[in-house]
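Data block below; observations after.
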Amino acid sequence: MTQDMPARGIVARADRLLSPVEDATNMIAALFVFALMCLGIAQIVLRTIFDTPLTGYVDLVELSMAGMAFLGAAYTQRMGAHIRMELLLGTLRGRALWGAEIIGALLGMAIIAVLIWYSGEHFWRSYQLGDTTMDAEFPVWPSKLLVPVAFALWFLRLSIQLAGSIRLFVDPTRAPEGVCVMKHAADVAREEAVLPGTEET
Amino acid sequence: MLIGLGFQHPLAVGLIGVALLIFLVALGVRVVFAAALVGLLGLVELIGWGPAAGVIGIVPHAKSSTYALSVLPMFIFIGFVAFHAGMTSQLFSAARKWLGWLPGGLAVATVFATAGFAAVSGASTATSAVFARTAIPEMLEHGYSKRLAAGVVAAGGTLATLIPPSAILVIYAIIVEESVGRLLLAGFLPGLVSALVYAGIIIIWAMLKPEQAPSVPVEERPGWGERIAALPPLLPIMAVVFIIVSAIYQGWATPTEAGSLGAGIIFAVALLRGTGIKPIVDSLMETAKLTVMIFSLIWGVTIFVRFLGFSGLAEAFTQLVVSIDAPPMVIIVCILLAYAVLGMFMDAIGMLLLTLPVVYPAVIALGFDSIWFGIIVVKMAEICLVTPPIGLNCFVVAAVRPDISLPDVFRGVTWFFVADVITIIVLLIFPEIVTWLPDMMN
Amino acid sequence: ANVDGPSVFWKISMYGNPRALTSGMEALAEKVAEETDGKFQIRIFYAEQLGPARENLDGLKLNAFEGAGICNFYHPGKNPAWMVFSLPFLPVANPQADRYIRERMFEHPAIVADMEKWNAIPYVSGLLPQFEMMGKGEPPRSLEDWKGLQVRAGGGLGDAMELLGATKQTLSAGETLTAFQNGTVDVAAFPYTYAHVAFKINEEADWYTSNMSPGSAECGWVLNKTAFEALPDQYKVLIWDNRSLVLDKQQEAYAAQDEKNIAMFQQTLTEVRYDEAALEAFREIAGKPVWDKWVADNPGFDAQGVLDAFLGYAEEATNP
Ligand code: NA
Ligand code: NA
C-alpha cells in the first residue's frame with residue numbers, strides 16, 4: 001500500500017536486498033516442481049514403452065523433495081502464507097498488533113535458529129559418516145544441506161519482519177516497512193477471487 | 001496398565017504440551033512455529049537438550065523427502081495451470097447444455113461443473129472463486145435468487161477436496177500411513193454422492209419455490225447436436241480423471257507419476273491455448289509457495305508428533321477412548337462434532353495434522369476403517385468452509401460478487417449445509433460408498 | 001528380584017507394527033522386567049514414533065533412545081560393511097546355518113566398526129529369512145529359463161537377476177501385488193515365507209522356489225553404546241546373556257509361520273527346487289561377480305575380509 005513512497009529506512013533497504021534472493025530461491029523451488037513433472041512423464045514413457053525404467057527414479061525424487069519443500073520458505077514467509085489462526089490477531093490494532101507480531105517473529109526465529117544449527121549437524125553427519133539412498137546409492141548430503149541453507153534465509157526474513165514490527169510498535173503511525181501486513185479473511189477471499197486466469201469470463 | 005514406571009511424568013508433559021500448543025495457535029503464532037517449538041520444549045523436558053534438538057533437526061528433511069509426498073506439488077501444479085487453460089467456462093457451458101432443462105437446471109449444472117473442475121483442482125476456495133465469476137452471472141440473468149446462486153457456488157467448491165486430485169486426502173494418507181492411491185479412489189464416490197445430494201436439494205428447492213429458480217424456456221434448450229459439440233473441449237479434464245483413476249486402479253503408474261502426466265497434459269493444453277509466459281511463471285511461483293506452506297506444516301507438526309511419541313500420550317488417549325462405555329457410533333459422532341467445532345476456527349490441513357496423531361489411533365482401536373474415517377473427516381473439514389464464522393468459501397463468493405452480501409451467501413448455503421449433513425449420515429450408514437472402490441483394487 | 005539394581009527405562013525405536021521380527025525383543029523386555037522386578041524396563045516404540053527408520057542410527061548417535069531396529073539396505077552408505085548381508089546367492093544352507101553365520105558376523109570387527117561410528121553396538125540379528133521367488137506362468141526350472149523375466153528385486157539381488165538375463169523392477173512391497181496382477185512383474189522376491197503371504201503374492205502366483213536362497217538382508221537390533229556402558233554390570237550381563245533368548249523367539253515365530261505357509265504353498269503352487277549343481281551355477285554366474293564388484297566398490301574397509309569371514313562361517317555351519 002505504500003510501495004510508491006521511496007523507503008529509505010534500514011528495514012526497507014534490507015527488505016529490498018533480500019527480496020530478489022527470495023524470489024530466486026522460490027523460482028528454483030518451482031523449477032524443481034517442473035523437473036519433477038518432466039521426470040515422472042519420462043519414467044512412465046521409459047517404463048511402459050521402452051521397458052527400461054530409470055534406475056534410481058524414486059531416489060532422485062526423494063532427494064529433490066528438499067528443493068521443493070524448503071527453498072521457498074523465506075518467500076512464503078514474506079508473502080504471509082505460512083498458516084496461522086487470525087481470529088484473535090485480526091481484532092488487534094496498532095501497538096497491540098505489532099506487539100503480537102514481535103512475539104510471533106521472536107518465537108519463529110527461536111525455533112528456526114535451533115533448526116538451522118541442528119539440521120546443519122544432520123547434514124554434517126551424513127557428509128562425514130556416510131549416507132546413501134536405498135536403491136541407486138546416491139549420496140544424501142547435498143539434499144540435507146538445503147535445509148540449513150533455506151532456513152538461514154528464512155531466519156533473515158524473520159529478522160526483517162521483527163525489525164519492521166519493532167519500528168511500528170515504537171510508532172504505529174509510520175508507514176509499514178518490511179512487515180507482512182495482515183490480511184483479514186475477507187481480504188484473503190478477495191485475493192482468491194482475482195486469481196489470474198479467472199478474468200476471462 | 002501399560003503405563004508403568006517412568007511414564008507418569010512423560011504423560012503429564014504431553015498434556016501440558018498439547019495445552020501450550022492450543023494456546024499458541026489460538027494466539028496467532030504460525031502453526032509451523034508453534035508446533036515445532038512446543039515439540040522441542042517437550043522433548044527437552046523428556047530427553048534433554050542435546051538429544052531433543054538433534055531429533056528435531058532430523059525431522060524437516062526426513063519427513064519431506066518421502067516419495068509418497070511428492071504427489072502434492074504435482075496436484076497443486078495441475079490446479080494452478082488449469083485456471084490458465086480456461087477450463088471453467090467450458091465445463092459450465094457443457095453442464096448447462098446437458099442439465100439446464102431440469103428444475104433449477106442452471107444450479108444443478110453448476111454443481112456438476114464444479115465436480116468436473118474438482119477433477120483438476122484440489123482447492124475448494126479457488127474452485128468457488130472461479131465459478132462465482134462463471135456461473136453466478138448466468139444464474140442471476142435467468143432470474144435465480146442471489147442466495148441460491150451464491151450458495152451453490154460456495155458449496156460446490158468443497159467438492160474439489162473429495163474428488164481426486166486432492167492434497168488433503170494425500171496428507172491424510174501420509175499421516176496415518178495409508179495408501180495414497182486407495183484414499184484418492186475412496187474420495188471419488190462420496191464426491192459424486194455429495195454432488196447428487198446437492199442436485200437433489202436444488203431440484204426440491206426449485207420445485208417448492210419456482211420463482212427463485214425459473215426453468216429455462218423450452219425454446220432456449222439446446223439440441224443434441226449442440227450438446228455433443230460442448231463435449232470435446234472437456235477432453236483434457238477427462239484425460240486427467242482417466243489417467244489418475246486408471247493409474248491407481250491398474251497400477252501402471254504411481255500417484256506421483258500419474259500426477260506428473262496429468263500436469264503435463266494440462267500444461268500442454270494451456271500452452272496450446274496461447275497462455276503466455278507470465279501466467280505460467282506465476283502459477284509455478286504459486287505452486288512453490290503453496291508446496292512450502294504445506295510441507296512446513298507437515299514437518300512442523302511432525303516435530304510435535306515426535307514429542308507425543310516420546311510422551312506416550314497418543315497411546316494413553318487411545319486407551320481412554322476405548323475404555324469409554326458407549327457404542328463406537330456414539331463416540332465417532334462425538335469426535336465428528338468436535339471436528340465441526342474445531343473446523344469453525346481452523347484451516348482444514350492444519351486441523352488434520354494437529355489432531356490425527358492423537359485421534360486416529362483411537363478411532364482405529366474402536367474398529368472403524370481408516371480410509372472411511374479419512375473421507376468422513378475431510379468431508380467435515382469441507383463443511384467448515386461454508387459455516388460461520390470463517391466459512392472461507394462464502395467469503396470468496398461474497399468478495400467476487402459485491403452485489404451479494406455475506407449474510408446472503410451464508411443463508412443461501414444453509415440448504416447445502418443440510419445436504420452435507422445428509423451426506424455424512426448416508427456415509428455413516430453405508431460405509432461401502434467409501435470403501436467399495438478402493439477395495440476393488442485388490 | 002533375581003537381579004537387583006537401579007530404575008532404568010529404555011526406549012527402543014522401531015518401524016512398523018509388532019511382528020515375528022519383534023517377538024524376540026518383546027520377550028527380552030518381559031524377561032528383563034521379570035528378573036529385576038520391574039526396575040529395568042525396556043519398551044519398544046513402534047511405527048517410527050521415535051524417529052524415521054532410515055534415521056534410527058542418527059537417533060542413536062544423538063542419544064535420543066537406547067536401542068533401535070535397523071535395516072542395512074535402508075541406508076547402504078551408513079553401514080557399508082553390513083551390506084555383505086545383502087549380497088546375492090551366498091551359500092546359506094538353512095535357518096540354523098543362517099543364525100550361526102549372523103551370530104558370528106555380529107562380532108566381526110568391520111560390522112562392529114560400522115556401528116561404532118553411530119555410537120551403536122550390534123546386539124542381535126533380526127534373522128530376516130532368505131528370500132525366495134514367487135512367479136506367474138511357466139516355472140523357471142533351469143538357469144536359462146530366467147532370461148527375459150521381469151523380477152521385482154532390489155539392490156544386489158536385482159543386479160544378480162540382471163546377470164541371469166532377467167529385468168529387475170524396483171517396486172515397494174505394497175505396489176508389488178498390483179504389478180503382479182497386471183503383468184508388469186512376472187516374479188517377486190520376498191523373505192520366505194511370511195512376506196509372500198503378508199503381501200498376498202501367493203494368491204496370484206503359480207510357482208515358488210524353495211531352496212534358491214538368492215539373498216537376504218540384515219534387519220537387526222542395535223543398542224546405544226553410551227546407554228549400554230552406563231548400565232550397572234548386572235544389567236549389562238542380563239542383556240548380553242539373553243541374546244540367544246531373542247534369537248530363539250524370532251526363530252520360533254518365523255518357523256511357526258513357515259509351517260502353516262509351506263503347507264499352503266505346497267497345496268496351491270508348484271514347487272521349484274534346484275539341485276546342488278544348479279545352485280553352484282547360480283553362485284558362479286549371478287553371485288560371485290556381484291560379490292567381487294562389491295569388494296572392488298568398497299575400498300574404505302576390508303570388504304574382502306568381511307566377505308571371506310561370511311563364507312568361512314557358512315562353511316563352518318554346513319560342515320562343523
Ligand atoms: Na480435486
Ligand atoms: Na468455518
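Since the structure is predicted, the reported quantities are computational estimates derived from the model, not experimental observations. Within every chain, numbering begins at 1; the chains are lettered A, B, ... in the order of the sequence lines, protein sequences first and strands thereafter.
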Neighbour count >12 (heavy atoms, 6.0 Å) for atom [atom1], [X]:
{"X": "A:Trp117", "atom1": "CH2", "result": "no"}
{"X": "A:Leu54", "atom1": "CG", "result": "yes"}
{"X": "B:Tyr67", "atom1": "OH", "result": "yes"}
{"X": "A:Ile49", "atom1": "CD1", "result": "yes"}

- Message: Over 60° means perpendicular and under 30° means parallel, so tell me whether A:Trp154 and B:Phe33 are parallel, tilted or perpendicular.
- Response: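 It falls in the tilted class, 30° to 60°.
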
- Please work out whether the ring planes of A:Phe151 and B:Trp299 are parallel, tilted or perpendicular, with thresholds of 30° and 60°.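 The rings of A:Phe151 and B:Trp299 sit tilted, inter-plane angle from 30° to 60°.
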
- Query: In residues 28-43 of chain A, which residues are in contact with chain B at a heavy-atom separation under 4.5 Å?
  - Reply: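 Against chain B, the residues of residues 28-43 of chain A that fall inside the cut-off (heavy atoms, under 4.5 Å) are A:Ala29, A:Ala30, A:Val33, A:Phe34, A:Leu36, A:Met37, A:Gly40, A:Ile41, A:Gln43.
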
Under 4.5 Å from any heavy atom of chain A, what part of [X] do you find: side chain, backbone, both or neither?
{"X": "B:Leu261", "answer": "both"}
{"X": "B:Phe77", "answer": "side chain"}
{"X": "B:Leu27", "answer": "both"}
{"X": "B:Ala132", "answer": "neither"}
{"X": "B:Leu297", "answer": "side chain"}
{"X": "B:Thr287", "answer": "side chain"}
{"X": "B:Ser70", "answer": "both"}
{"X": "B:Leu41", "answer": "neither"}

- Between atom NE2 of A:His122 and atom CD1 of B:Ile58, what is the distance when rounded to the nearest 0.5 Å?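 A:His122 atom NE2 to B:Ile58 atom CD1 measures 5.0 Å (nearest 0.5 Å).
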
Side-chain contact, heavy-atom cut-off 4.5 Å: [X] with [Y]?
{"X": "A:His82", "Y": "B:Val292", "value": "yes"}
{"X": "A:Ile111", "Y": "B:Ile303", "value": "no"}
{"X": "B:Val55", "Y": "A:Tyr118", "value": "no"}
{"X": "A:Met27", "Y": "B:Leu284", "value": "yes"}
{"X": "B:Phe295", "Y": "A:Met65", "value": "yes"}

- Message: Heavy-atom pairs under 4.5 Å with chain A - which of B:Ala258, B:Ser128, B:Cys394, B:Gly264 has more of them than the others?
- Response: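 With the most close heavy-atom pairs to chain A, the winner is B:Gly264.
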
Relative to chain B, which of [options] shows the most heavy atom pairs under 4.5 Å?
{"options": "A:Gly72, A:Gly104, A:Ala69, A:Ala110", "answer": "A:Ala69"}
{"options": "A:Leu146, A:Ile112, A:Val147, A:Leu115", "answer": "A:Leu115"}
{"options": "A:Asp59, A:Val45, A:Ile116, A:Val61", "answer": "A:Val61"}
{"options": "A:Leu63, A:Asp23, A:Val58", "answer": "A:Val58"}

Side chain, backbone, both or neither: which part of [X] has a non-hydrogen atom closer than 4.5 Å to chain B?
{"X": "A:Phe123", "answer": "neither"}
{"X": "A:Ala73", "answer": "both"}
{"X": "A:Ser64", "answer": "neither"}
{"X": "A:Ile103", "answer": "neither"}
{"X": "A:Leu60", "answer": "neither"}

- Message: Could you check whether B:His61 and A:Ser119, counting side-chain N and O atoms only, form a donor-acceptor pair closer than 3.5 Å?
- Response: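 Side chains of A:Ser119 and B:His61: no pair found under 3.5 Å.
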
